[in-house]
Number of protein chains: 2
Amino acid sequence: MYNCPVELTVEVMGGKWKSRILWHINKKPYRYGELRKLIPNITQKMLTQALRELEEDGLIVRKVFEGNVLKVEYSLTEYGQTTTPLLELMSQWGKNHKHRIDRLKAEENKVEIHTINKK
Amino acid sequence: MYNCPVELTVEVMGGKWKSRILWHINKKPYRYGELRKLIPNITQKMLTQALRELEEDGLIVRKVFEGNVLKVEYSLTEYGQTTTPLLELMSQWGKNHKHRIDRLKAEENKVEIHTINKK
DNA sequence: CGGAATCCAGGACGATACTG
DNA sequence: CAGTATCGTCCTGGATTCCG
């Protein structure tokens with residue numbers, strides 16, 4: 001199952017939400033509600049699930065502060081910080097890829113206009 | 001959808017097989033059948049599907065060589081080669097994570113033995 | 001050899017309602 | 001505020017069969 005280290009990485013940090021959560025927490029600790037606002041489309045279920053899995057994998061810590069109002073804060077563990085360079089590189093590559101997509105789409109449109117003008 | 005570049009990267013290179021395919025093709029071009037042998041558990045369907053998507057994203061090229069026997073070769077495009085550093089880093093992180101898992105498991109066993117001896 | 005087509009199971013993901 | 005619990009959907013990935 002784990003013959004491929006790359007796949008193991010995808011398992012831990014892949015999925016629809018984990019990378020984005022790590023990306024935020026990377027900067028500073030966040031509360032549960034804050035994360036919900038930062039990642040608008042996520043449901044409570046998926047956020048909770050992702051947080052639990054990241055915690056289980058030792059990448060983040062859950063800290064509960066008791067008070068009049070309940071406060072829970074999530075932050076990167078020391079080990080979790082090893083993901084930062086990786087996320088950085090993934091983010092760079094993603095941005096570059098986005099540019100590529102946009103450029104290709106623009107060229108496509110130019111061709112279409114060209115074709116239309118020819119008619 | 002694409003507000004997060006990291007997620008875009010996951011979409012392009014994530015999934016169960018793509019990273020492994022890229023990982024192989026990275027070294028040298030391979031034929032369809034060779035890839036099936038290199039990635040034993042993959043089905044034709046998933047291999048074909050992954051190859052098509054990688055091709056569509058501009059990361060790999062499909063070259064057909066007509067002959068007595070049909071021969072199809074897949075290789076990285078120039079753009080596809082930009083994934084190499086990323087895959088390298090993901091592989092490193094995955095290896096390290098594997099070590100961590102194994103170490104933690106070993107410690108767990110020590111505790112168990114310790115507990116048993118105490119009984 | 002290198003696929004395509006079809007059918008299907010399981011798990012990821014989501015919507016909604018409720019809780020300490 | 002920070003979650004659980006339940007139910008439903010969709011989509012990935014797999015088994016099998018067939019094709020140029």
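Naming: A, B, ... by sequence-line order, numbering from 1 per chain. Quick note: numbers below take in every heavy atom, side chains included, and nothing from hydrogens, waters or symmetry partners.
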Pairs flagged by side-chain hydrogen bond (donor to acceptor under 3.5 Å, both in side chains) wherever residues 28-37 of chain A is involved - sequence neighbours left out: A:Tyr32-A:Thr48
Set of side chain to side chain donor-acceptor pair (under 3.5 Å) partners for A:Thr82, sequence neighbours left out: B:Trp93
NZ/NE/NH1/NH2 to OD/OE distance under 4.0 Å, B:Glu7 and A:Arg20: yes
Where chain B begins and ends its contact with DNA chain D, read 5' to 3' at 4.0 Å from heavy atoms: D:dG13 to D:dA15
Set of side chain to side chain donor-acceptor pair (under 3.5 Å) partners for B:Gln81, sequence neighbours left out: none
Axial bend angle, the helix from C:dC1-D:dG20 to C:dG20-D:dC1: five-pair end segments, nearest 10°: 50°
Distance (rounded to the nearest 0.5 Å) between A:His97 NE2 and A:Asp102 CG: 10.0 Å
Sugar-phosphate, base or nothing in reach of A:Arg36, heavy atoms under 4.0 Å: nothing
Report each atom pair, protein N/O against N/O of nucleotides 13-17 of chain C, whose distance is under 3.5 angstrom.
residue : atom : partner : partner atom : Å
C:dC13  : OP1  : A:Lys16 : N            : 3.4
C:dC13  : N4   : A:Lys45 : NZ           : 3.2
C:dG14  : OP1  : A:Lys16 : NZ           : 2.8
C:dG14  : OP2  : A:Trp17 : NE1          : 3.0
C:dG14  : N7   : A:Lys45 : NZ           : 3.4
C:dG14  : O6   : A:Lys45 : NZ           : 2.3

Shortest non-hydrogen contact from A:Val6 toward B:Ser19: CG1-CB, 3.2 Å
Of residues 52-70 of chain B, the positions that come close to DNA chain C - non-hydrogen atoms, cut-off under 4.0 Å: B:Arg52, B:Arg62, B:Leu70
Identify all side-chain donor-acceptor contacts of residues 55-74 of chain B below 3.5 Å with residues at least two apart in sequence or on another chain.
residue : atom : partner : partner atom : Å
B:Arg62 : NE   : B:Tyr74 : OH           : 3.3
B:Tyr74 : OH   : B:Arg52 : NH1          : 3.4

Sequence-distant partners of A:Glu88, salt bridge (Lys or Arg N to Asp or Glu O under 4.0 Å), two or more places apart: none
Partner residues of A:Asn26 under the side chain to side chain contact (heavy atoms under 4.5 Å, CB included) criterion, sequence neighbours left out: A:Leu76, A:Thr84
Contact summary for B:Ile21 and B:Ala50, nearest pair of heavy atoms: CD1-CB, 3.6 Å
